[in-house]
J.: 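What follows is a single structure, and I will ask about it in a moment.
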Amino acid sequence: MHTVNDTGHYPYQVGIDAYGNGGFRFAGMSHRGSLLCLPTGMHAWAATTPAEITRESLERVFAAADQIDVLLIGLGPGVAAFPKALREELRERRIIVEAIGTGGAVRTYNVLLAEERAVAAALLAVESVR
């Protein structure tokens, strides 16, 4: 099985085939760790907890904001608070934010991507699938 390249980037935005065990599978590859799914491709993401979802950790999202209508935030195995100031800053860029558990975010991302919507996702890796 292939893996994301050494820079942590796959150059196409694709659906996610599976998640769990601390990572994701997509495009016939396996990626360990969290993931940003953007119009610019699939990017390794250093965030591991909801507290690490910051303006800085979402810099790639802001850089691609003009290509995104909906941003799904996968908060891990449960639901956590998403910073109001960050949500408002994204809304100012005309991005709708939905912050939910990673499983729900993956499923919604795949549906919206299949519908060819301008969707992106910031997904915290989870160990187990519920």
J.: Decide yes or no for R25 and Y19: does some side-chain heavy atom of the first lie under 4.5 Å from some side-chain heavy atom of the second?
T.: no
J.: Could you tell me whether the side chain of R91 reaches within less than 4.5 Å of the side chain of V97, counting heavy atoms only?
T.: no
J.: Do the side chains of L123 and L58 join up, straight or via other hydrophobic residues, at under 4.5 Å, putting them in one cluster?
T.: no
J.: With heavy-atom distances below 4.5 Å as the criterion, would you say the side chains of L75 and I53 are in contact?
T.: yes
J.: Check whether R93 reaches the backbone of E89 with its side chain - one donor and one acceptor, N or O, closer than 3.5 Å.
T.: no
J.: Report yes if the side chains of M42 and I16 come closer than 4.5 Å at any heavy-atom pair, otherwise no.
T.: yes
J.: Evaluate whether atom CG of D17 has more than 12 neighbouring non-hydrogen atoms of other residues, nucleotides or ligands under 6.0 angstrom away.
T.: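 Atom CG in D17 is packed in, count exceeds 12.
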J.: Test of understanding: with side chain to side chain donor-acceptor pair (under 3.5 Å), list the residues that count as partners of R87, not counting sequence neighbours.
T.: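 Result, side chain to side chain donor-acceptor pair (under 3.5 Å) vs R87: none returned.
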J.: Are the side chain of T108 and the backbone of A105 linked by a donor-acceptor contact shorter than 3.5 Å?
T.: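 Looks like no, no N/O pair under 3.5 Å.
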J.: Please find the pair of heavy atoms, one from H9 and one from T40, that lie closest to each other, and give the distance.
T.: NE2-O, 2.9 Å
J.: In Å, rounded to the nearest 0.5 Å, how long is the span from OG of S57 to CG of L36?
T.: 7.5 Å
J.: Are I68 and Y109 linked, directly or through other ILVMFWY residues, by side chains that come within less than 4.5 angstrom of each other?
T.: no
J.: So which atom in V14 and which in A27 form the shortest heavy-atom distance, rounded to 0.1 Å?
T.: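 Closest approach of V14 to A27, heavy atoms only: CG2-CB, 4.2 Å.
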J.: Is there a donor-acceptor contact under 3.5 Å from the side chain of W45 to the main chain of A122?
T.: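 Not a single qualifying donor-acceptor pair exists.
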J.: List the residues meeting side chain to side chain contact (heavy atoms under 4.5 Å, CB included) with R117, not counting sequence neighbours, and say none if there are none.
T.: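 Checked R117 against side chain to side chain contact (heavy atoms under 4.5 Å, CB included); matches are V70, L112, E115.
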J.: Count I, L, V, M, F, W, Y as connected when their side-chain heavy atoms are under 4.5 Å apart, and connections chain through other members. Are L35 and I73 then in the same cluster?
T.: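 No: no chain of side-chain contacts under 4.5 Å links L35 to I73.
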J.: Mind checking whether Q13 and L113 have side chains closer than 4.5 Å, heavy atoms only?
T.: yes
J.: Out of curiosity, does L71 fall in the hydrophobic cluster containing F82 (side-chain heavy atoms, cut-off under 4.5 Å, transitive links)?
T.: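 Yes, because F82 and L71 connect within a single hydrophobic cluster, where side-chain heavy atoms sit under 4.5 Å apart.
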J.: Give the cluster check for L38 versus Y10: same hydrophobic cluster or not, with ILVMFWY residues linked at side-chain heavy-atom distances below 4.5 Å.
T.: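 Different hydrophobic clusters.
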J.: Using every non-hydrogen atom in the two residues, find where A46 and E52 come nearest and quote the distance to one decimal.
T.: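 For A46 versus E52, the nearest heavy atoms are O-OE1, 3.9 Å.
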J.: Is the number of heavy atoms from other residues, nucleotides or ligands within 6.0 Å of CD (E116) greater than 12?
T.: no
J.: Is R55 positioned over the aromatic face of F62, cation under 6.0 angstrom from the ring centre and no more than 45 degrees off axis?
T.: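 Yes - R55 lies over the ring of F62, closer than 6.0 Å to its centre and within 45° of its axis.
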J.: Check the orientation of H31 and F24. Use parallel for under 30°, tilted for 30 to 60°, and perpendicular for over 60°.
T.: parallel
J.: Quick check against the 3.5 Å criterion: does N110 have a side-chain atom that pairs as donor or acceptor with the backbone of G15?
T.: no
J.: Distance-only, no hydrogens or angles: does the S34 side chain make a donor-acceptor pair with backbone N or O of A125 under 3.5 Å?
T.: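 Indeed, once roles are kept as given, a pair shorter than 3.5 Å links the two residues.
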J.: Tell me the closest heavy-atom pair linking L72 and V119, and the distance in Å.
T.: CD1-CG2, 3.8 Å
